Amino acid sequence: MQITCITLFPDMLDALKAGGVVSRAIERGTVHFHAINPREYTHDVHRTVDDRPYGGGPGMVMKAEPMLAAIDAAKAQHAPDSRVVVMSPQGAPFDQAKAAELARLPGLILVAGRYEGIDERVMDAGVDDELSIGDYVLSGGELAAMVVIDSVVRLLPDVLGDARSAQYDSFVDGLLDHPHYTRPEQLGEHNVPSVLLGGDHKQIERWRLQQSLGRTWLRRPDLIARRTLSDEEQTLLDEFIAQHEHDTKRVHD
């Protein structure tokens, strides 16, 4: 997969190459990554990439011409089906389903905005999508772009040490992940659940599904509300809720 980030601060993206999953994918050639600075496509001595907004108001706006030129330069290096995505607080929420969708593309061009935003004509002429990583504002889109890159790259074939890892991530099936345990078996007063020690893989999978359902019900009820539960899932969740209410009542008694 080829990934390009258009940014005024390409050095920020060096963190992707410093270590971790994305770094390994780049080293193996699974991902080809580079950054383009819009300043390279300016024509004045000051390499101006921003200007005052029409209509007045605070701050500066990123100019359309260098941004569009940078996008065109990136497109020239990408497969035709690659997608141009601007990281923006006005974008659609980025989630696991969107990450999986982007991971199926041959290439991804991410645009990191700065200042008060980007001239809207860039959105109209050169952008396929706008994405937001949350309802808050960052100083620029670079951190958001890195979040998207990490989330997408880990879904590519042969990137993770065990391909099953991505299949069990939170949100893959609309649920939060189940609890995880490793050695030692006992830590103070806290023990690993006995079901994980018994070797009955069917019971282990049942327990993990129930914990995923219960944890989602406790922490993200909105996800449960959007999900159509199977009869088995509903039974497991009902059991979890009953046990949770029993444990809560016992603590307060």
Side-chain angles (χ1 to χ4, degrees), residues 1 3 20-22 25 83 85-105 108 110 128-138 141 143-157 159-182 190 192-196 200-252:
M1 185 179 195
I3 301 176
V21 169
V22 178
R83 192 174 301 176
V85 177
V86 168
M87 304 310 303
S88 164
Q90 290 82 37
F94 179 69
D95 58 16
Q96 190 68 23
K98 177 60 72 171
E101 175 188 328
L102 297 179
R104 292 190 289 269
L105 297 173
L108 185 60
L110 294 167
D128 300 310
D129 208 350
E130 290 184 65
L131 291 177
S132 168
I133 62 167
D135 295 339
Y136 47 87
V137 178
L138 299 170
L143 291 174
M146 286 191 279
V147 167
V148 171
I149 291 169
D150 186 273
S151 183
V152 168
V153 167
R154 68 190 312 279
L155 296 178
L156 299 178
V159 168
L160 298 180
D162 188 331
R164 295 174 300 171
S165 296
Q167 298 173 14
Y168 290 97
D169 284 339
S170 292
F171 307 114
V172 168
D173 58 357
L175 299 173
L176 301 184
D177 200 3
H178 58 77
H180 296 270
Y181 297 89
T182 189
H190 303 280
V192 174
S194 59
V195 66
L196 299 178
D200 187 330
H201 294 290
K202 185 175 181 180
Q203 287 301 314
I204 290 172
E205 289 304 311
R206 185 182 189 278
W207 178 87
R208 286 175 170 169
L209 176 57
Q210 184 173 61
Q211 292 299 310
S212 289
L213 288 161
R215 179 170 283 189
T216 308
W217 173 76
L218 285 170
R219 302 180 183 183
R220 290 292 304 275
D222 57 303
L223 296 178
I224 288 291
R226 293 203 299 264
R227 183 184 178 90
T228 301
L229 300 180
S230 67
D231 291 341
E232 179 190 9
E233 290 174 336
Q234 188 63 62
T235 297
L236 290 173
L237 180 57
D238 289 343
E239 291 176 1
F240 180 94
I241 294 172
Q243 185 63 49
H244 174 75
E245 292 176 344
H246 175 268
D247 293 343
T248 301
K249 183 176 184 297
R250 185 175 60 186
V251 168
H252 289 101

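These values consider heavy atoms only, across backbone and side chains, with no hydrogens, waters or symmetry-generated copies. For clarity, every value in this text was computed on a predicted model and none was experimentally measured.
For His201, the side chain to side chain contact (heavy atoms under 4.5 Å, CB included) criterion is met by Ile204, not counting sequence neighbours. Asp135 pairs by the side chain to side chain donor-acceptor pair (under 3.5 Å) definition with nothing, not counting sequence neighbours. Residues passing the side chain to side chain contact (heavy atoms under 4.5 Å, CB included) test with Asp129 are Arg83, Val85, Lys98, Leu131, sequence neighbours excluded. Taking the side chain to side chain donor-acceptor pair (under 3.5 Å) definition, one finds that Ser132 meets it with nothing, sequence neighbours left out. Not a single side chain to side chain donor-acceptor pair (under 3.5 Å) links Gln203 to another residue, sequence neighbours left out. Not a single side chain to side chain contact (heavy atoms under 4.5 Å, CB included) links Asp231 to another residue, sequence neighbours left out.
Classification of the His180-His178 ring pair by plane angle, with boundaries at 30° and 60°, yields tilted. In this pair, Phe240 and Trp217 present their aromatic rings perpendicular. The plane angle is above 60°, beyond the 30 to 60° band.
Considering every non-hydrogen atom in both Thr216 and Gly174, the closest pair reads CG2-O, 4.5 Å. For the pair Ala25 and Val159, the tightest heavy-atom approach, listed with the atom from each and the gap, is CB-CG2, 4.2 Å.
Remark: the backbone N or O of Leu229 is not paired with any side-chain donor or acceptor of Gln234 at under 3.5 angstrom. The main-chain N or O of Glu130 is never found under 3.5 Å from a side-chain atom of Ser88 such that the two would form a donor-acceptor pair. Here the side chain of Glu245 pairs no donor or acceptor atom with the backbone of Ala242 at under 3.5 angstrom.
For the atom pair His244 NE2 and Glu239 CD, the distance stands at 15.5 Å (nearest 0.5 Å). Atom CG of Leu102 sits about 10.5 Å away from atom CG of Leu156, to the nearest 0.5 Å. Here the CD1 atom belonging to Ile149 is positioned 15.0 Å from the CZ atom belonging to Arg154, to the nearest 0.5 angstrom. For the atom pair CD1 (Ile241) and NE2 (His246), the distance works out to 15.5 Å, reported to the nearest 0.5 Å.
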Quiz item: Step by step, would you call Leu175 with Leu209 a side-chain contact (heavy atoms from CB on, under 4.5 Å)?
Solution: CA-CA 9 Å; Leu175 299 173; Leu209 176 57; 4.2 Å; yes

Self-check item: Derivation of the side-chain contact (heavy atoms from CB on, under 4.5 Å) call for Gln210 and Leu237
Solution: CA-CA 6 Å; Gln210 184 173 61; Leu237 180 57; over 6 Å; no

